[in-house]
Amino acid sequence: MTKKKVLITGGAGFLGSHLCDRFMKEGCHVIAMDNLLTGDIANIEHLLKEKDFEFHHHDVSKYVHVSGELSYILHFASPASPIDYLKMPIQTMKVGSLGTLNCLGLAKDKGARILVASTSEVYGDPQVHPQKEDYWGNVNPVGPRGVYDEAKRFQEALTMAYHTFHGLETRIVRIFNTFGPRMRLDDGRVLPAFISQALRGEDLTAFGDGSQTRSFTYVDDLVEGIYRLLMSDYPHPVNVGNPQEITINEFAEEIIRLTGSKSKVIYKPLPKDDPKQRKPDITLAKKILDWEPKYSRAEGLKPTLEYFKQKVLG
Ligand code: UDP
């Protein structure tokens with residue numbers, strides 16, 4: 001039997017590289033595509049020598065070609081942290097729109113099933129808590145985060161259009177704040193920021209008054225949820241995230257405790273449109289995927305801290 005071939009866009013990124021590992025373990029032939037704008041070849045270096053792994057250095061916003069048959073496409077290419085998409089607003093919109101269009105077109109051409117990476121950001125600064133898939137969200141289209149949020153909302157709409165109009169097999173995962181090894185130290189997100197500050201003995205920078213909440217998911221749990229969703233027959237969006245909610249202040253104290261750091265928490269202005277609260281309702285994922293997170297935040301933070309220690313302290 002020939003191996004199933006999988007294209008993973010953003011394959012050298014944080015999530016993409018973990019997905020490459022998973023699909024290699026499942027015995028697939030994996031093609032990782034990445035323009036290395038925010039991805040890093042070091043994340044997939046261990047796979048480059050494998051005969052069933054290919055790396056294509058390509059920007060998915062431009063026409064995408066893959067020869068031969070293709071079973072699955074996972075579209076994970078995009079700048080994904082607020083400072084990244086503020087720095088690269090046009091690329092962010094292009095990869096969410098044109099990149100998605102190219103991937104959907106390729107899926108149609110190959111008769112492949114496609115899963116697109118959506119986000120809790122489609123809920124914006126949510127007025128419904130926790131967030132359920134049937135909540136339409138509260139997004140400012142012209143605010144600084146709009147480039148990411150609206151690109152992902154457009155991506156969902158386009159994906160559904162290909163599903164209903166062309167009968168394409170589509171899956172949409174709404175990803176909540178995820179952490180683990182291979183996150184970029186300087187991506188500006190709260191977890192790498194706090195951990196690197198704590199390890200260096202610098203003050204931890206909480207934005208606003210630190211009362212805003214997030215719910216952090218360990219990457220292995222996310223990958224399992226994504227795999228199950230791809231293998232399911234459910235075409236509508238599904239939240240995959242850990243509902244364990246925490247304020248940014250509590251999170252800062254947790255990182256200080258876990259690292260044994262003497263750092264203090266200092267306060268900086270809250271970025272515009274920063275969501276006040278975020279927590280997934282995962283009733284749907286439990287029901288249709290029989291999925292729920294296995295790792296607590298503390299369990300996930302252990303390997304993550306080890307990774308960051310190596311990066312920061314060498
Ligand atoms: N945040 C913070 N200090 C930092 C970076 C982020 O207090 O150094 C806050 C940010 O304002 C937000 C939360 O932490 O309320 C999560 O931010 P992140 O950039 O990780 O992701 P988001 O969920 O906002 O996309």
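In listed order, ligands and their atoms are each counted from 1.
Side-chain contact check for E26 and Y227: at least one donor-acceptor pair (N or O, by modelled atom type) lies under 3.5 Å. No side-chain donor from either of T213 and Q277 sits under 3.5 Å from a side-chain acceptor of the other.
Listed by atom number, the atoms of ligand 1 under 4.0 Å from A193 heavy atoms are 8 (O). Counting the atoms of ligand 1 from 1 in the order shown, those under 4.0 Å from a heavy atom of A206 are 7 (O). Close contacts between ligand 1 and E121 involve ligand atoms 25 (O) [criterion: under 4.0 Å to a heavy atom].
By the 3.5 Å distance cut-off applied to N or O atoms, F207 is counted among the residues near ligand 1. Close N/O approach between R189 and ligand 1 is not found [any backbone or side-chain N/O within under 3.5 Å].
Between Q212, Q197, R145, it is R145 that holds the heavy atom closest to atom 24 (O) of ligand 1. For atom 3 (N) of ligand 1, the choice among N177, T205, T119 with the nearest heavy atom turns out to be T205.
Nearest protein heavy-atom neighbour of atom 10 (C) of ligand 1: D274 OD2, 3.3 Å. With respect to atom 13 (C) of ligand 1, the closest heavy atom belonging to the protein is I248 CD1, 3.7 Å. Atom 16 (C) of ligand 1 has R214 NE, 3.6 Å as its closest protein atom, hydrogens excluded (heavy atom only).
For the atom pair I226 CD1 and R22 CZ, the distance stands at 10.0 Å (nearest 0.5 Å). Rounding to the nearest 0.5 angstrom, the gap separating the CG atom in D34 from the NE2 atom in H56 is 12.5 Å.
Under a 4.0 Å heavy-atom criterion, G188 is in contact with ligand 1. Using a non-hydrogen distance threshold of 4.0 Å, K268 does not register as a contact of ligand 1.
Judged by distance alone, the side chain of N242 and the main-chain N or O of Y295 form a donor-acceptor pair under 3.5 Å.
At a heavy-atom cutoff of 4.0 Å, ligand 1 is contacted by both the backbone and the side chain of V190.
A salt bridge links R228 with E224: the distance from a Lys NZ or Arg NE/NH1/NH2 to an Asp or Glu carboxylate oxygen falls below 4.0 Å.
Between I256 and S263, the closest heavy-atom pair is CD1-O, 3.4 Å.
The side chain to side chain contact (heavy atoms under 4.5 Å, CB included) with S196 is formed by just one residue from the set V312, L191, D186; it is V312.
Within 6.0 Å of NZ on K108 lie no more than 12 heavy atoms contributed by other residues, nucleotides or ligands.
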